Amino acid sequence: VSVQANISPARGTADLEQFGINSDYTKTIVSDSLTLPIDKSTILWIGIAPDKDGEAGTIKHNYVVVGVAKSLNSVTIAVKEVSVS
């Protein structure tokens with residue numbers, strides 16, 4: 001599923017309260033779509049172009065969702081960068 005959302009450049013102090021002080025994540029994603037098909041452990045391709053057919057194909061994912069916080073009008077998603085071999 002292709003999605004457009006705001007992705008933070010790095011973890012910030014405002015995120016600490018939302019996901020807890022000891023949460024291990026790299027970036028946050030904020031979207032106004034409350035129906036995104038994303039939950040904890042969803043794998044993501046952030047900043048990686050799909051193959052020529054528009055699919056992930058053999059391209060390895062580079063992020064995994066570690067937390068989802070929904071509010072009345074938006075959803076904030078904590079993601080952690082991973083290295084998949």
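Heavy atoms only: backbone and side chains are in, while hydrogens, waters and symmetry mates are out. Each residue takes its place number in the sequence, starting with 1. Small disclaimer: the values here were computed from a predicted structure and weren't measured.
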Measuring only between side-chain heavy atoms, which start at C-beta, is Leu44 closer than 4.5 Å to Ile29? yes

So CD1 of Ile77 and NZ of Lys27: to nearest 0.5 Å the spacing works out to 14.0 Å

Determine whether Asp32 and Asn73 make a side-chain contact, defined as any pair of heavy atoms from C-beta on separated by less than 4.5 Å. no

Donor-acceptor check, side chain of Thr76 to backbone of Val30, threshold 3.5 angstrom: yes or no? no

So among Val82, Ile48, Thr42, Ile46, which one has a side chain to side chain contact (heavy atoms under 4.5 Å, CB included) with His61? Val82

Going from OH on Tyr63 to OG1 on Thr26, what distance comes out if it is rounded to the nearest 0.5 angstrom? 6.0 Å

Nearest 0.5 angstrom please: Ser83 OG to Asn62 CG, how far? 9.5 Å

Can you find a heavy atom in the side chain of Ile59 that is under 4.5 Å from one in the side chain of Trp45? yes

Sorted by first residue and then second, give each salt bridge (Lys or Arg N to Asp or Glu O under 4.0 Å) pair with at least one member in residues 71-85; sequence neighbours left out. Asp24-Lys80

Side chains of Val75 and Leu36 in contact at under 4.5 Å (non-hydrogen atoms): yes

